[in-house]
Amino acid sequence: MAINGIKARLKDLADEERATVSMRFFKTGPGEYGEGDQFIGIRVPVLRKIAKEYQSLPVTEAEKMLTSPIHEERQLALFILILKYKKANIDVKKTIYDLYLGHTDHINNWDLVDVSAEHIVGHFLLERDKAPLYQLAKSSSLWERRIAILATFHYIKKETYDDTLKISKILLADTEDLIHKAVGWMLREVGKRNLAAEKVFLKKHYQHMPRTMLRYAIEKFPEEKRQQYLKGLI
């Protein structure tokens with residue numbers, strides 16, 4: 001009944017024009033990374049607000065919603081799971097973590113990964129073996145690889161960079177632009193907190209990095225230094 005109520009609420013909020021724009025923005029056309037995804041046109045702040053109202057939804061019900069073909073329903077499920085995870089005991093945290101990794105085929109666009117990976121996967125593995133991150137980084141799934149690097153954002157915020165840098169190295173040869181952007185972004189976040197650590201990594205690898213990855217990584221550098229990296233003069 002709760003899920004039916006949520007779905008009805010979302011249907012009332014649907015905006016066909018916004019949905020059309022979202023379908024283009026998130027590349028849902030044939031052969032694109034979001035092929036076949038369905039949007040109904042609800043803004044993220046609205047979904048976050050609704051998630052707070054339904055954060056008592058049982059994990060099993062949130063899991064059902066995470067398998068929805070509708071993008072906003074999956075995103076809402078993730079927002080609910082994040083809120084539940086933050087307040088949960090270790091057993092429920094483990095359940096949500098396992099659920100998340102068991103449904104990576106439904107966490108299948110960059111926005112879904114980016115709002116959730118650090119808060120569930122990153123947090124759960126903070127004081128545990130990081131082997132699952134390295135398995136994800138070597139996955140054939142674009143989204144699992146993005147989860148691997150985005151999960152480390154949790155560690156970056158705690159000024160711990162080793163896993164970000166190691167996974168970035170694994171992903172240097174990745175062929176997907178969405179991975180290039182994600183890795184460059186995380187390297188930039190490392191640099192905001194420890195510029196020396198980012199520069200050491202770049203010195204070793206910048207000449208072999210995909211151009212987009214490098215541009216993202218050095219975006220905040222002074223223009224003269226940016227040009228030196230881009231021209232291979234470091």
Side-chain angles (χ1 to χ4, degrees), residues 3 6-48 50-51 61-82 98-122 132-133 135-153 167-168 170-186 209-213 215-216:
I3 286 184
I6 293 172
K7 288 178 179 287
R9 178 97 172 267
L10 295 181
K11 186 176 180 180
D12 288 341
L13 293 168
D15 182 326
E16 186 174 348
E17 183 175 346
R18 181 177 295 278
T20 299
V21 172
S22 294
M23 289 175 68
R24 289 198 299 267
F25 183 73
F26 289 102
K27 307 296 184 184
T28 63
E32 295 181 313
Y33 60 73
E35 181 177 358
D37 205 354
Q38 300 177 33
F39 285 79
I40 57 176
I42 303 175
R43 297 170 59 246
V44 168
V46 175
L47 293 174
R48 288 189 182 277
I50 295 172
E61 295 298 288
E63 180 178 12
K64 292 176 185 176
M65 195 158 60
L66 186 58
T67 65
S68 170
I70 297 174
H71 188 98
E72 289 91 345
E73 291 184 6
R74 301 199 305 281
Q75 191 162 48
L76 178 59
L78 289 170
F79 287 147
I80 291 171
L81 288 170
I82 290 166
D98 288 340
L99 182 160
Y100 187 98
L101 291 187
H103 286 288
T104 55
D105 56 330
H106 296 106
I107 306 169
N108 57 350
N109 214 310
W110 58 264
D111 62 320
L112 302 180
V113 172
D114 294 3
V115 300
S116 61
E118 63 170 299
H119 300 296
I120 296 177
V121 179
L133 291 183
Q135 294 169 4
L136 290 168
K138 297 174 182 178
S139 170
S140 61
S141 164
L142 160 63
W143 308 118
E144 290 188 350
R145 300 197 304 278
R146 189 161 175 121
I147 287 168
I149 189 64
L150 261 296
T152 72
F153 204 177
I167 291 173
S168 293
I170 291 171
L171 296 173
L172 284 174
D174 204 284
T175 60
E176 293 286 350
D177 186 63
L178 285 174
I179 299 300
H180 302 167
K181 291 177 179 178
V183 172
W185 172 22
M186 290 301 100
M209 293 170 68
R211 201 68 165 176
T212 297
M213 187 185 295
R215 287 186 178 278
Y216 270 60

Under 3.5 Å, sequence neighbours excluded: what are the donor-acceptor pairs made by side chains of residues 12-20?
unit_1 : atom_1 : unit_2 : atom_2 : d
Asp15  : OD1    : Glu17  : N      : 3.0
Asp15  : OD1    : Arg18  : N      : 3.0
Thr20  : OG1    : Glu16  : O      : 3.1

Point-to-point distance, once rounded to the nearest 0.5 Å, from CD of Gln75 to OG of Ser116:
9.0 Å
Is any side-chain heavy atom of Leu101 closer than 4.5 Å to one of Leu136?
yes
So, taking the atom named CD1 in Ile147 and the one named CG in Asp114, what distance separates them when rounded to the nearest 0.5 Å?
10.0 Å
Enumerate the residue pairs fulfilling salt bridge (charged side-chain N to carboxylate O under 4.0 Å, His left out) with a member in residues 98-111, sequence neighbours excluded, ordered by first and then second residue.
Lys94-Asp98
Can you say whether the rings of Trp110 and Phe25 are parallel (under 30°), tilted (30 to 60°) or perpendicular (over 60°)?
perpendicular
Nearest-0.5 Å distance that lies between atom OG in Ser168 and atom CD1 in Ile149
3.5 Å
Please enumerate all residues that pass side-chain hydrogen bond (donor to acceptor under 3.5 Å, both in side chains) together with Glu144, with sequence neighbours excluded.
Thr104, Ser139
How about Lys11 and Ile40: do any of their side-chain heavy atoms sit closer than 4.5 Å?
no
Tell me, with the steps shown, if Glu176 and Arg146 meet side-chain contact (heavy atoms from CB on, under 4.5 Å).
CA-CA 10 Å; Glu176 293 286 350; Arg146 189 161 175 121; over 6 Å; no
Rounded to the nearest 0.5 Å, the NE2 atom of His103 sits from the CG atom of Leu112 at a distance of 14.0 Å
Heavy-atom pair with the smallest gap, counting every atom of Ile42 and Glu72:
N-OE2, 3.4 Å
Would Asn109 and Trp143 count as a side-chain contact (heavy atoms from CB on, under 4.5 Å) if you check the C-alpha gap in whole Å, the side-chain angles of each, and the deciding distance to 0.1 Å?
CA-CA 7 Å; Asn109 214 310; Trp143 308 118; 4.0 Å; yes
Let me see the working for Arg48 and Val115 under side-chain contact (heavy atoms from CB on, under 4.5 Å), right down to the final yes or no.
CA-CA 11 Å; Arg48 288 189 182 277; Val115 300; 4.0 Å; yes
Go through the structure and list residues passing ring-ring contact (aromatic ring centres under 6.0 Å, His included) with His119, not counting sequence neighbours.
none
Roughly how far, to the nearest 0.5 Å, is CD1 of Ile80 from CE of Met65?
4.0 Å
In chain order, what residues pass the ring-ring contact (aromatic ring centres under 6.0 Å, His included) check against His180, with sequence neighbours excluded?
none
Out of Ile107, Leu81, Ile82, which one pairs with Tyr100 under the side chain to side chain contact (heavy atoms under 4.5 Å, CB included) rule?
Ile107
Does any part of the side chain of Asp177, heavy atoms only, come nearer than 4.5 Å to the side chain of Tyr33, both counted from C-beta?
no
Sort and list the pairs that fulfil salt bridge (charged side-chain N to carboxylate O under 4.0 Å, His left out) and have at least one residue in residues 22-42, not counting sequence neighbours.
Asp37-Arg74
Ring-plane angle category for Phe39 and His71, please: parallel below 30°, perpendicular beyond 60°, tilted otherwise.
parallel
Val183 and Tyr216, any side-chain heavy atoms less than 4.5 Å apart:
no
From CD1 (Ile6) to OG (Ser68), nearest 0.5 Å:
11.0 Å
Do the non-hydrogen side-chain atoms of Phe79 and Val44 ever get within less than 4.5 Å of each other?
yes
